[in-house]
Amino acid sequence: MVSHSFFHHDSKKESIEEVLENSVEIEEDLMRTYLITAERVHDDPELKERLENFAEGNAKRTKQLLDELKKGN
């Protein structure tokens, strides 16, 4: 017989995985948006650089989230 706490732990793990997976999607979408916007900026090199830096930050967070998902499996 399986204890009730096992199910609670299992559903909590699934919930955390869902949050991480959703966060990966959000970070990837933001990264693409920043990169596309940066490509369209021609008259403001500082803004272009900031947008590229934002995208780089999103890429790092995406990698960290994917690493967390791998640890959970």
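Note that this is a predicted model, so its numbers are computed, not measured.
Under the 4.5 Å side-chain contact rule for hydrophobic residues, I26 and L69 do not share a cluster.
Listed by first then second residue, pairs satisfying side-chain hydrogen bond (donor to acceptor under 3.5 Å, both in side chains) with a partner in residues 44-53 number zero, not counting sequence neighbours.
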With a cut-off of 3.5 Å and sequence neighbours excluded, list every side-chain donor-acceptor pair involving residues 31-38.
unit_1 : atom_1 : unit_2 : atom_2 : d
R32    : NH2    : D29    : OD1    : 2.5
T33    : OG1    : D29    : O      : 2.9
T37    : OG1    : T33    : O      : 2.7

Donor-acceptor list for residues 54-65 side chains, cut-off 3.5 Å, not counting sequence neighbours:
unit_1 : atom_1 : unit_2 : atom_2 : d
N58    : ND2    : E27    : OE1    : 2.4
R61    : NE     : E27    : OE1    : 3.2
R61    : NE     : E27    : OE2    : 3.3
R61    : NH1    : G57    : O      : 3.4
T62    : OG1    : N58    : O      : 2.8
K63    : NZ     : D67    : OD2    : 3.0

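Clustering of Ile, Leu, Val, Met, Phe, Trp and Tyr side chains at separations under 4.5 Å leaves V19 isolated, with no partner residue.
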